[in-house]
Amino acid sequence: MAVAVNSQLNPLENAERQFEEAATRLKLDAGVRDMLKKPRRATIQWLPVMMDDGAIRMFEGFRVQHNIARGPAKGGIRFHPDVSLEEVSALASWMTWKCAVADIPFGGGKGGIKVDPRALSKAELERLTRRYAADLSDLFGPESDVPAPDVNTGEREMAWIADTYSMHERRTELGVVTGKPIEVGGSQGRREATGRGVMICVEQMCKYLKMPLQGARVAVQGFGNVGGVSADLLARECGAKVVAASDVTGAIVNDAGLDVPALIKYSSENRRGVAGFPGARPLPGSIIEVDCDILVPAALENQITSDNAGRVRARIVAEGANGPTTPDADKILEDKGVHVIPDILCNSGGVTVSYFEWVQNRMGFYWPESEVNSRLREKMVKAFGDVITMKERTDAASPGAKVSLRIAGYMVAIQRVLRVHELRGMYA
Ligand code: NAD
């Protein structure tokens, strides 16, 4: 396993630190902690792929199932050059806690391939995706492990995975993967679900803080699925003003508010990105430090660290991405009075509608978007309330040592997972 140079930036260590803090609050003994911390299964695949020029190239793939006590492993597949077993393991554990906070009947899983998808042709990418899916076809399945999109994967890749798995099974089995195109058994509202969940969490947080959301200034880091939809819905449905956005191509700002639909159109044309958008100017500094009320990190891990947390100006940080804030940065933000809506709550809208998609595939009956969205809202509001209740109860019991919403979220999740382990008993 590769060791990250700066341990603050090692996502697995960060996930374990967060878990340990909650486990200590819950007074879990060492054996139970270990059981809940270790992944159930972790696999590495070396995938040979025929490139367009006839050469064979090997790619490294991973799949980790963290905890499967509450149901099948659930979690996305990431295509990125920095994917590692450690990163995938951290992301898989966050999925366990996220599914438990959202109270959906899944465990945690995650997968990834170490690849820069921009450097591959569409045909090469399809062969790689299918090889990965074929290689994992004995792990994947609607009852065992259900992948979904993550960074650099989307509906197209999910359709390829559903097709590959179905060919191996000799029947169409759409419930093996979620985040599919509507025509291939996808759910209405899935594409927007993570961003919609972010919006609902921000709404709930503003209500809790008695802070107006109408006119609030929003900055969004990462303008892909999660960032783009969060920005669009916060502007369109809540009247917030999106003043800054960034992606791999750069960062832009417009104090009067960006035209979000125009930016989505501009950035997605030929995957051009946000840089050069005519309705804005380039942002001179880092988007994390931009003057705003609500910051939505929606790119990758480790974006808010002890190096820049002190310069965060937002009042609310809504974690669209997984693991964007390191534990050291968390403490700094807490001391500054910044309210962090933790990833395991804030971006759980995606997996919640993935659950709805899986349910619809198994029933063979499909809901209209309005039904998906209202069920999502119900789940998100309940999850937000559960985490707030846990925080308030814990703080009341130990006023000198208050917990963050992140640790409260972990506490809710750990209790739910542990309860299932207790009821199922130990098979050994
Ligand atoms: P995506 O590939 O659609 O978008 C990622 C965006 O981040 C792109 O715009 C990319 O240019 C940008 N980006 C990458 N590195 C950056 C950097 N250093 N600075 C600024 N921007 C950068 O991916 P996505 O599905 O939107 O996922 C984003 C995050 O949300 C990830 O952490 C993912 O795990 C998490 N997430 C996604 C979902 C989902 O349903 N897609 C659900 C829950 C959580």
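Just so we're clear, the structure is a prediction, and the values are computed from it rather than from any experiment. Both ligands and their constituent atoms are indexed starting at 1 by order of listing.
For the pair Arg190 and Glu155, the salt-bridge criterion is not met [side-chain N within less than 4.0 Å of a carboxylate O].
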### Task
Just do the salt bridge (charged side-chain N to carboxylate O under 4.0 Å, His left out) check on Arg406 and Glu319 with the steps written out, would you?
CA-CA 11 Å; Arg406 187 184 317 283; Glu319 293 186 334; 2.9 Å; yes
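Each of Arg78, Asp150, Val151, Asn152, Arg190, Thr194, Gln221, Gly222, Phe223, Gly224, Asn225, Val226, Ser246, Asp247, Val248, Ala298, Ala299, Leu300, Gly320, Ala321, Asn322, Asn347 has a non-hydrogen atom positioned under 4.0 Å from some atom of ligand 1.
Listed by first and then second residue, the ring-ring contact (aromatic ring centres under 6.0 Å, His included) pairs involving residues 297-351 amount to none (not counting sequence neighbours). Annotation: side-chain hydrogen bond (donor to acceptor under 3.5 Å, both in side chains) contacts involving residues 256-267, sequence neighbours excluded, comprise Lys265-Glu269. A salt bridge (charged side-chain N to carboxylate O under 4.0 Å, His left out) check over residues 93-106, counting only residues at least two apart or in different chains, returns the pairs Arg70-Asp103.
Residue Arg40 qualifies as open at atom CZ: its count of foreign heavy atoms under 6.0 Å is 12 or below.
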